[in-house]
Every structure is written in structure tokens, then in C-alpha cells.
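Let me begin by presenting the structure, written as C-alpha cells, before commenting on it.
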Amino acid sequence: MSHADRPRGGRPEVRGPAADGSAAQGPAPARVVVVDDHPLWREALSRDLDQAGFMVVGTAGSVAQALRVVAATRPDLVVLDLTLPDGSGVEVIQALLGPAATVGGFTGAVLIVSASGEQADVLAAVRAGASGYVVKSARPEELVDAVRRTAAGVAVFSAGLAALVLGEMSRAARDAAATPSTPRLTAREIEVLRLVAKGLSARDAARRLGVSHRTVQNHVHNVLGKLQLRNRVELTRFAVREGYDDAS
């Protein structure tokens, strides 16, 4: 069944735990917030993700709603449209991941799902910190797979967009390589950087290192400051360029 064929249905802005208080067995599903200004699309994608085993903890239809819902639910992933009635999805990314982030504590990823495949839109989203970019013309199963891969730490782009993003990252890497010196990192910061380069989330890195989630967040913040990087996408780019992703 396509998104357009799905019935209309109501959905609360924020969803809590199961009413019976029961806990699922096995690994906890990725917690997702869906942000799109079209209610039917938002509802259909949310249902597809629910059926695929994700936990959709909230939905929003505007920049302001998105920031409130993310702050309240602290999801692992935000699936975000670029065009919203009160601003751009890029504003949401900057508020979640930028150096002047206004929503504290968000350590997840952002996947853009947009009708636009324009170069300027794609690059603006990636530069702001989006982990992936998929066009809405993709099939429902492709969208679900993109969400699954992004939640696993993989950068996902629609066909035709990957080469564009790779070219931009290569250009940025060449520019960064021209910088004469790199600030010295501590041994622990390098450990965190290696795990970030391998695609681990802050929570997974904390478990691997045997430290608190907050400690990893602090190390990431310190490394970003030392390297004068704006977000985790730029940090990953730096780590890959310097070979930290190949370290054991």
C-alpha cells in the first residue's frame, strides 16, 4: 500500500511508553521523531516505521513543534522535511546539532526526507549536520531502509545525491588538509574520535568505553572546539580523512 492509499488518522504530538507499562524484550528499538508539514505523509511514514519495528515517539509539523517534541522525547533519530511553514529544516538541524544549539542533550542523527533534490538544498542540509538525504519520490520500503541505516550510523543518500555529497566532502577535506597544524587531542578524545568515525552513537561509545553518556558528550564537545568543527558530520569527515576509522 502506498502512502497516499493509507487512511487518515489522528496522532498525538508526543507519544509515551505503552499504556500497560510492559517492556519489549531484546534490544530497544530506535526512537524516532517524524517532522513534516503534510499530515497524511507524516502519518503514513510514521505507520510504516511503527510496522518496521521503530518506536515513533513524536511527530511535528513545524520548526517550533519539532524543537519542542525533540526536547521532550530525546529521540535517536529525527526524520525531517526541509520545507516547514515557519522556517526551514536546516534551522531545526542547527538548533539540534550546531555550535549554538538551542536544544540540549540531543545526540541522535537527522535524516532529511524532502521533495527537493536541488544541489543547494542537499549541501545546506549536509553542512548543517544532516546524516543523510532521501527524496520523497523513493518507495516506502526505501524510506524505511534509509531510516534503519541512518539509525545504525550509516550516511544514506538517494541515488544521484551521493556523488554530489562526496564531491563536497572531498573539497572540504582538501581545504582542511591545507591547514598547517592540528590541535593536540588527549588519548581519551582520540578513543572517542575513533568510535565516532566508526559510526557509533554517543550511547554506544559510552558503553564501549565504560563511561557515562554525558562524559562522551563532553569529549565530543571538547574535540569539536579544539578542531574548530561545527557538528558531528564535520567531525566524522575529519576522522575519516585522518584515518581514525581504520584504527582497531
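Because the structure is a prediction, the values reported are computed rather than measured.
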State whether the number of non-hydrogen atoms from other residues, nucleotides or ligands found under 6.0 Å of His38 atom NE2 is greater than 12. no
Mind checking the CG-CZ spacing from Asp76 to Phe106? Nearest 0.5 Å is all I need. 8.5 Å
Nearest 0.5 Å, please: how far is OG1 in Thr107 from CZ in Arg214? 9.0 Å
Using a 4.5 Å cut-off on heavy atoms from C-beta on, say whether the side chain of Ile93 contacts that of Ile112. yes
Short N-O contact, Lys136 and Asp81, less than 4.0 angstrom: yes
Nearest heavy atoms of Leu143 and Ala138, plus distance in Å: CD2-CB, 3.9 Å
Which heavy atom of Leu111 sits nearest to which heavy atom of Gly132, and what is that distance? CD1-C, 3.5 Å
Do Trp41 and Val113 touch side chain to side chain, with heavy atoms closer than 4.5 Å? yes
Is any side-chain heavy atom of Asp36 closer than 4.5 Å to one of Leu45? no
Under 3.5 Å: donor-acceptor pair, side chain of Asp37, backbone of Leu84: no
I'd like to know whether CZ of Arg208 has more than 12 heavy-atom contacts from other residues, nucleotides or ligands below 6.0 angstrom. no
Are side-chain heavy atoms of Glu142 and Val134 found at a separation under 4.5 Å? no
Quick test of your reading of the model: are Arg194 and Glu191 salt-bridged, counting only N-O distances below 4.0 Å? no
Using side-chain heavy atoms (C-beta onward) and a distance below 4.5 Å, is Glu189 in contact with Leu193? no
Search all heavy atoms of Thr59 against all heavy atoms of Ser46 and return the closest pair with its distance. CG2-OG, 3.6 Å
Side-chain donor or acceptor of Glu43 paired with backbone N/O of Leu40 under 3.5 Å: no
So Val110 and Thr150, side chain to side chain contact (heavy atoms under 4.5 Å, CB included) or not? Walk me through it. CA-CA 8 Å; Val110 176; Thr150 304; over 6 Å; no
Arg203 meets the salt bridge (charged side-chain N to carboxylate O under 4.0 Å, His left out) criterion, sequence neighbours left out, with none
Is the side chain of Asn222 donor-acceptor paired with the backbone N or O of Asn218 at a distance under 3.5 Å, no angle test? yes
Okay, side chain of Arg188, backbone of His219: is any donor-acceptor separation there less than 3.5 Å? no
Out of curiosity, Glu91 CD to Thr102 OG1, how far, rounded to the nearest 0.5 Å? 10.5 Å
Which pair of non-hydrogen atoms, one from Val90 and one from Ala128, has the smallest distance, and what is that distance? CG1-CB, 3.9 Å
Residues at least two apart in sequence or cross-chain that pass side chain to side chain contact (heavy atoms under 4.5 Å, CB included) with Arg74, listed by chain then number, are none
Worked check of side chain to side chain contact (heavy atoms under 4.5 Å, CB included) between Val35 and Val92: CA-CA 10 Å; Val35 182; Val92 176; 5.6 Å; no
Taking every heavy atom of Gly61 against every heavy atom of Arg42, the minimum-distance pair comes out as CA-NH1, 3.5 Å
Taking the side chain as C-beta and beyond, is there a heavy-atom pair between Lys226 and Thr186 under 4.5 Å? yes
Restricting to non-hydrogen atoms, name the atom on Phe157 and the atom on Ala155 that form the minimum distance, rounded to 0.1 Å. CE1-CB, 3.9 Å
Under a 4.5 Å cut-off applied to non-hydrogen side-chain atoms, are Ser131 and Val156 in contact? no
Distance in Å, Asp50 CG paired with Met55 CE, rounded so as to fall on 0.5 Å steps: 9.0 Å
Is the shortest heavy-atom distance from the side chain of Val220 to the side chain of Val192 under 4.5 Å? yes
Are Gln65 and Arg68 linked by a side-chain donor-acceptor pair shorter than 3.5 Å? no
